[in-house]
Enquirer: 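Following this message is one structure expressed as structure tokens.
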Amino acid sequence: MELLLLFLSQLPPEPDTLVTVPARDLVDIIYAIAAGCVALTFFGVLFLMGNAFLLARNAARAMEEVQQKFTADAGIASLRQAAANAEAISATLRKEVAGLSVSVTHLSERLQQASDRMEERIEDFNALLEVVQGEAEDAFVDGASTARGVRAGLGSLASRQKKEVREGRPSSVEEGES
């Protein structure tokens, strides 16, 4: 009997049972397609993010291994020591260059002072030369004026003698000679 009940329960429903199927219009179809696209996009992004995290994890492990190998290498320790030495030399050079810069600045200031003193002396010498030139010009003018006066006096005497000779009188110069 159990078999019979089992068989009857698996029989298709009687034709008097009504089954309703909702009508599908265009909006429902578009909505279903959009929901499917969103679901596929979500699963695609989830898959890509999972893959990216796995790749990042593997890269981090590889970097740790390289770092461990790098720090254990004796050549790297030697390079670190050489870098420390180069840094010390660089610091010493910077200190020396700073001292040299101070010396050059001091020397430059002293040269500027010497240059200023030379300019003052040159200005004083130029003033002296102007005074000497003025005095020389005055002396030359005085000498020329005296020479002109002497020449004019001699010319006057000469013309006077000629006049006295024409008149027949003895010249006063000849009188002084006798």
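What you are looking at is a predicted structure, and each value in this text was computed from that prediction instead of being measured. The figures here come from the full heavy-atom set of this structure, side chains too, leaving out hydrogens, waters and symmetry mates.
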Enquirer: Atom CG in Asp142, atom CD in Glu135: separation rounded to 0.5 Å?
Expert: 9.5 Å

Enquirer: So which residues get pulled into Val150's cluster when ILVMFWY side chains under 4.5 Å apart are joined, directly or through others?
Expert: Leu154

Enquirer: How long is the gap from CG on Asp25 to CG on Asp28, to the nearest 0.5 Å?
Expert: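 Reported to 0.5 Å precision, the distance equals 4.5 Å.
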
Enquirer: Within a strict 4.5 Å, meaning less than it, do heavy atoms of the Ile89 and Thr92 side chains meet?
Expert: no

Enquirer: Atom CZ in Arg117, atom CD in Glu120: separation rounded to 0.5 Å?
Expert: 8.5 Å

Enquirer: Would you please say whether a donor-acceptor pair under 3.5 Å links the side chains of Glu130 and Asn126?
Expert: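 Asn126 and Glu130 do not have a side-chain donor-acceptor pair below 3.5 Å.
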
Enquirer: Residues sharing Val66's hydrophobic cluster, by side-chain heavy-atom contacts under 4.5 Å among ILVMFWY, directly or via others?
Expert: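 Traced through the cluster, Val66 reaches no other member.
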
Enquirer: Tell me every residue that passes side chain to side chain contact (heavy atoms under 4.5 Å, CB included) with Leu107, counting only those two or more places apart in sequence or in another chain.
Expert: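 Applying side chain to side chain contact (heavy atoms under 4.5 Å, CB included) to Leu107 gives Leu111.
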
Enquirer: Rounded at 0.5 Å granularity, tell me how far CD in Gln68 sits from CD in Glu65.
Expert: 7.5 Å

Enquirer: Between Ser156 and Ala152, is there a donor-acceptor pair closer than 3.5 Å when you use the side chain of the first and the backbone of the second?
Expert: no

Enquirer: Name all residues meeting the side chain to side chain contact (heavy atoms under 4.5 Å, CB included) criterion together with Gln113; count only those two or more places apart in sequence or in a different chain, and write none if there are none.
Expert: none

Enquirer: With sequence neighbours left out, write down each residue that passes side chain to side chain contact (heavy atoms under 4.5 Å, CB included) with Ser90, or none if nothing qualifies.
Expert: Arg94

Enquirer: To the nearest 0.5 Å, what is the distance between CG on Leu100 and NZ on Lys95?
Expert: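 Separation between the atoms: 14.5 Å.
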
Enquirer: For Met49, what residues pass the side chain to side chain contact (heavy atoms under 4.5 Å, CB included) criterion, not counting sequence neighbours?
Expert: Val45, Phe53

Enquirer: Between the side chain of Ser101 and the main-chain N/O of Val97, is any donor-acceptor distance below 3.5 Å?
Expert: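 A pair under 3.5 Å: no.
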
Enquirer: If I take atom CD1 from residue Ile122 and atom CG from residue Leu129, how far apart are they, to the nearest 0.5 angstrom?
Expert: 11.5 Å

Enquirer: So, does Ser108 use its side chain to make a donor-acceptor pair with the main chain of Val104 at under 3.5 Å?
Expert: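 Not a single qualifying donor-acceptor pair exists.
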
